[in-house]
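Okay, so here's the structure we're looking at.
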Amino acid sequence: MDSPEIHARRIRSFVLREGRITPAQQRAFDAHWARYGLDYAGAPRDFDAVFGRHAPRVLEIGFGNGEALAWAAAHDPARDFIGIEVHGPGVGRLMNTLAAQGSDNVRIYKHDAVEVLEHEIAPRALAEVRIWFPDPWPKKRHHKRRLIQPGFVALLASRVAPGGLLHLATDWADYAAHMQEVLETAPGWRNRLGTGRYAERPAWRIETHFERRGVRLGHGVWDLLYERSEQGGGETPPARDSFG
């Protein structure tokens, strides 16, 4: 068992800043959680049973208000989507959207992504992982809190099947450089476009309201596409990059 000191320093995929949930979002939990929600149980999940079929699975970590995830579900019905988000208002909003558009190929965790990956998702179970616009922690003293760290990308490598994809996006140049530095030397990953190269925004990543706001403020946007290689990343590592 981890000592209290080690456990306290485990990296987490979020810092909770829960906003006020609206009556409509609360009704979404009451009406739709049984359909779309997955309660964290800490044991491997049979996603074929969850979705009622065998299909490629895409994990989106930190989906915010769910705009991109809802679009993906509607436009890519051959694949199943797993979303992780800890902020209740965004989860409620996404469930309302999914119900309105009749999507059944999405399931949602309202829980820490690291714990879900470690305990509920089997090795090589994912075809793709998407992490779009994570908290950049721009102050230098907070850089160790960034989600994209060696231990975390090693954990992702253990959960993505060979040939699968890790798609990162950020509107912070410094974080883009940090992501690239981590991934270029990470076992189990190779840059799909070639060493040191960023990608143009792929067609499957829509430009969200959040992104458009950043562009208006003069932010650039960087996409990074890394493919899971046959070599490396096979074992489940402890995701214990230093945090706080």
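- Atom OG1 in Thr170 sits 9.0 Å away from atom CG in Leu224 (nearest 0.5 Å).
- Judged by distance alone, the side chain of Tyr175 and the main-chain N or O of Ile148 form a donor-acceptor pair under 3.5 Å.
- By the salt bridge (charged side-chain N to carboxylate O under 4.0 Å, His left out) test, Arg197 pairs with no residue at all, sequence neighbours left out.
- When the side chains of ILVMFWY residues are joined at heavy-atom separations under 4.5 Å, either directly or via intervening members, Tyr109 and Val50 end up in a single hydrophobic cluster.
- Here the side chain of Glu120 pairs no donor or acceptor atom with the backbone of Pro44 at under 3.5 angstrom.
- Residues Tyr226 and Tyr198 share a hydrophobic cluster, clusters being chains of Ile/Leu/Val/Met/Phe/Trp/Tyr side chains in contact below 4.5 Å.
- Partners of Glu184 under the salt bridge (charged side-chain N to carboxylate O under 4.0 Å, His left out) rule, at least two apart in sequence or in another chain, do not exist in this structure.
- Of the possible donor and acceptor atoms, none in the side chain of Glu85 sits under 3.5 Å from a partner among the backbone N and O of Val91.
- Separating the CD1 atom in Ile84 from the CG atom in Leu117 is a distance of 5.5 Å, to the nearest 0.5 Å.
- Note that the CG atom of Leu156 and the CH2 atom of Trp189 stand 6.0 Å from one another [nearest 0.5 Å].
- Salt-bridge check for Arg27 with Asp30: failed, with every basic side-chain N at 4.0 Å or more from each acidic carboxylate O.
- We find that Asp223 and Arg192 are not joined by a salt bridge, their nearest charged nitrogen and carboxylate oxygen being 4.0 Å or further apart.
- Within the structure, the salt bridge (Lys or Arg N to Asp or Glu O under 4.0 Å) test picks out the following pairs touching residues 168-182 (sequence neighbours left out): Arg146-Asp174.
- Residues satisfying the side-chain contact (heavy atoms from CB on, under 4.5 Å) test with Ala74, not counting sequence neighbours, are Gln101.
- For the atom pair CG (Leu183) and CG (Leu166), the distance works out to 5.5 Å, reported to the nearest 0.5 Å.
- Inspection of the Arg45 and Tyr40 side chains reveals no N or O donor paired with an N or O acceptor under 3.5 Å.
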Expected list for residues 211-218: side-chain donor-acceptor pairs under 3.5 angstrom, two or more places apart:
from, atom 1, to, atom 2, distance (Å)
Glu211, OE1, Arg205, NH1, 2.5
Glu211, OE2, Arg205, NH2, 3.4
Arg212, NH1, Glu207, O, 2.7

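- Checked by atom type and distance alone, the side chain of Arg159 pairs as donor or acceptor with a backbone atom of Ile121 at under 3.5 Å.
- With sequence neighbours excluded, the residues that form a side-chain contact (heavy atoms from CB on, under 4.5 Å) with Trp204 are Glu128, Arg130, Trp132, Leu165, His167, Pro202, Leu225.
- Cluster annotation: Trp33 and Phe81 are assigned to the same hydrophobic cluster (Ile/Leu/Val/Met/Phe/Trp/Tyr, side-chain heavy-atom contacts under 4.5 Å, transitive).
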